[in-house]
Colleague: 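Before anything else, here's the structure in question.
In the text below, chain A, chain B and the rest are named by the order of the sequence lines, each starting its count at 1. What you see is a predicted model; the values in this text were computed from it and never measured.
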Amino acid sequence: MEKLDLGQFIEKAIEGITNNAGPVLDGIALVIEGIVDGLQSALISTPSGVVMILMAIIAYIVQGGGVKPSLTKKGFKKAFGLSIFTVVGLFLLFWMDYWEETMETLALVLASAFIALVIGIPLGIWAARNSKADQVIRPVLDFMQTMPAFVYLIPAILFFSVGNVPGVVATVVFSLPPAVRLTSLGIRGVPAEVVEAAQSFGSTKRQLLFKVQIPLAMPTILAGVNQVIMLALSMVVIASMVGAAGLGERVYSGILQAKVGLGFEAGLGIVILAIILDRVTQALGGLGKK
Amino acid sequence: MSKIEVKDLNLIFGAKRKQALELVQKGVSKDEVLEKTKCTVAVKDATFSIEQGEIFVVMGLSGSGKSSLIRCFNRLNNPTSGSILVNGKDVMKMSDDDLRQLRRTEMSMVFQHFGLLPHRSVIANTAFGLEIQGVPESESYVKAKEMLKTVGLEGYEEMMTGQLSGGMQQRVGLARALTTNPEILLMDEAFSALDPLIRTNMQDELIQLQEKLKKTIVFITHDLDEALKLGDRIAILKDGVIVQIGTPEEILVKPADDYVRAFVENVDRSMIVTASSLMFKDTGKLTIEKDGPAIALRRMRDMGVNRLPVVNKNNKFLGFVMDDGVVKLKKDGGKDLNEILISDVMPTVSPDTPAADLLPLFIDKQLPLPVVDDEGKLLGVAVHSSVIAEVTGRDKDEIIEIQKSGGN
């Protein structure tokens, strides 16, 4: 029996897309590039001190639960602690002269997460409200999550050559599933009686979605946002293999040149960024509950 | 015209419900249908009507299909066959727009676990129905506030629903349902999740509210006491089939089958069974203008009693005569029963007096209680032993036995 050459089919398919969907791919590339470049230049051109303070303020507001939070002593300690950590951590990176790379990585993460959420949340809503859609989406998500992340880099290069764009595309594919899953989970988790109540008062499907289902699912959706951002951060490092800029690039060259110090410094930068992003987005879930 | 008319309603859940329906209509049992088609028959062949302004209770154990049935009225469940006319319009044939209109303006629902929106304040929850209709907040909040006052939640407007107790949350649920001013209120086990004391409170308040509002209320419950207390009429549901519909008293006095009988066995009947169902109608009576002692004696002998009620020719109750009095009158050659009439010590009762309230009125065990209508006309008499039988739940022979042994 002849060997099944599945890889060949995939290659054919990718080739077909590259040859025929050129303008579409160019369009996608343009949009992604626009978002990433805009974010990067905004973050880099703003004085680093301002960025640090802004991020500290955001951390304080989100952790503290609003602009004018009536904080308990414990709540204040937590919110203030996160702000201090943010400033100190970012200053450390500035001091090590990793500021630009950090901001590049941050821009990539935010851009990827934003795109993943824009695609993922509506898909999740669709999957929650339509069982057939759910039946199709679910296995696709399983596939996306179990396929080794590196594999996404190959078609990304073929479609978008090297640089930030294929990095973002691979990151979006990798970080999309939790946005879909948790949105769907959150909406399905809204108590049936509350949904029935809204229907019994004559809600349209849209009213049901925006006045009842999304608000009640918000804590779960925001947990999804947290997951998306964390996955995006981990993938952005891998994406440096296809030329995405930032801290990942430094880690990668640390590996290639076998420089432990370089790899560790950049790695530490990712850890600091991860902690800040994680704490802030986790606190977002708390905001959703209020 | 009835407010809601349900005809030949079948509700079947499952993929093969068409096939299941055919089986049901051929008379195949619910279990067999489930085995053959994997479909659940929730409601089978329901036909009944609900009148304007009544509290219609649907009672049954869990799994009897009562919640499924009530959800057919506003089509939260889509019935498999049959028709439901609300104000003469068939709900099942309504377009989505018409249905939404029905839900918005004519019918609203109160849920067992309240179904409130936890991310909204009490007033925002109460105004929800109006908000859905597009009524501006300035207007809807005024109405919502009024309704909150009606259900006794004045001052709680800005609280979040999670901060309220169960009873208060259900008041919000009730206020929310009333704010759209619907004609029909569907209440699905509305008080079942509440503590017994609060539950009783809410029942009383619902009755008071209903006196003012005169809505048509469909109330679902698994609790017979609640059904008897609230219902003008009660439908008893068993395995999706309505086994009996009637007033609380009819259900208690004439249970349609063993299932209903088993249900009503432990009820405190004395509060629900009234004089009208206890009384003897063919009691024999004397008309004061016409009948003399000779007729009185003969009638007593015929009836096997030692006393008879006396009325005037308009059937107005006057009093009783006893056999010894009549004999004495006859011996003395008197003709007028007025001379021996016992009238001054006699309380009369109306037909809807509960049995429990009758008991203390027996001054003299010998004399029964005359049951009269508003104009004092005699309807019948309630005798001591049958009232005791009703209140104590013992049968008549036992009571006579007890009375005898007590006398010795």
Colleague: Check each atom of A/Glu196 against the heavy atoms of chain B and say whether the ones under 4.5 Å are side chain, backbone, both or neither.
Modeller: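 Both parts, heavy atoms under 4.5 Å.
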Colleague: Take a 6.0 Å sphere around NZ of B/Lys215 and say whether it holds more than 12 heavy atoms from other residues, nucleotides or ligands.
Modeller: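 Result for NZ/B/Lys215: enclosed.
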Colleague: Around atom CZ of A/Arg129, are there more than 12 heavy atoms of other residues, nucleotides or ligands at under 6.0 Å?
Modeller: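 Yes, CZ of A/Arg129 has more than 12 neighbouring heavy atoms, counting only those of other groups under 6.0 Å.
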Colleague: Under a 4.5 Å heavy-atom cutoff, which of B/Thr105, B/Leu117, B/Asn74, B/Leu99 has the most pairs with chain A?
Modeller: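 Top count of heavy-atom pairs under 4.5 Å with chain A: B/Leu117.
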Colleague: Looking at every non-hydrogen atom in both residues, tell me the closest pair between A/Ala197 and B/Gly115 and how far apart they are.
Modeller: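 Minimum heavy-atom separation between A/Ala197 and B/Gly115: CB-O, 3.5 Å.
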Colleague: Crowded around A/Phe85 CZ? As in, over 12 foreign heavy atoms under 6.0 Å?
Modeller: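 Count over threshold, so yes.
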Colleague: Identify which part of B/Arg71 has an atom lying under 4.5 Å from any heavy atom of chain A, answering side chain, backbone, both or neither.
Modeller: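 Only the side chain of B/Arg71 comes within 4.5 Å of chain A.
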Colleague: Would you say A/Glu193's side chain and B/Gln112's backbone share a donor-acceptor pair under 3.5 angstrom?
Modeller: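 Yes, because the side chain of A/Glu193 sits within donor-acceptor range (under 3.5 Å) of the backbone of B/Gln112.
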Colleague: Go through B/Met107, B/His113, B/Met109, B/Arg75 and name the one with the most non-hydrogen pairs under 4.5 angstrom from chain A.
Modeller: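 Maximum pair count with chain A is reached by B/His113.
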Colleague: Between chain B and each of A/Val195, A/Val194, A/Val212, count heavy-atom pairs under 4.5 Å; write down the option with the most.
Modeller: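 It is A/Val194.
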Colleague: Can you say whether A/Ala192 sits under 4.5 Å from chain B via the side chain, the backbone, both, or neither, judging by heavy atoms?
Modeller: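 A/Ala192 has no heavy atom closer than 4.5 Å to chain B.
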Colleague: Side chain, backbone, both or neither: which part of B/Leu116 has a heavy atom under 4.5 Å from chain A?
Modeller: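 For B/Leu116, backbone heavy atoms alone lie under 4.5 Å from chain A.
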Colleague: Given side chains that start at C-beta, do those of A/Lys211 and B/Ile132 come closer than 4.5 Å, heavy atoms only?
Modeller: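 A side-chain contact exists here, since the closest heavy-atom pair is under 4.5 Å.
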Colleague: Supply the atom-to-atom distance B/Arg104 CZ to A/Ser200 OG, rounded to the nearest 0.5 angstrom.
Modeller: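 Answer for the CZ-OG pair, B/Arg104 versus A/Ser200, is 12.0 Å.
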Colleague: I'd like to know whether CZ of A/Phe114 has more than 12 heavy-atom contacts from other residues, nucleotides or ligands below 6.0 angstrom.
Modeller: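 Not buried by this count: 12 neighbours or fewer within 6.0 Å.
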Colleague: How close do B/His119 and A/Pro215 get, counting heavy atoms only, and between which atoms?
Modeller: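 Scanning both residues completely, I find the closest heavy atoms to be NE2-CB, 3.3 Å.
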Colleague: Specify which of B/Phe111, B/Phe114, B/Phe128 makes the most heavy-atom pairs with chain A at under 4.5 Å.
Modeller: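 Highest number of pairs under 4.5 Å: B/Phe111.
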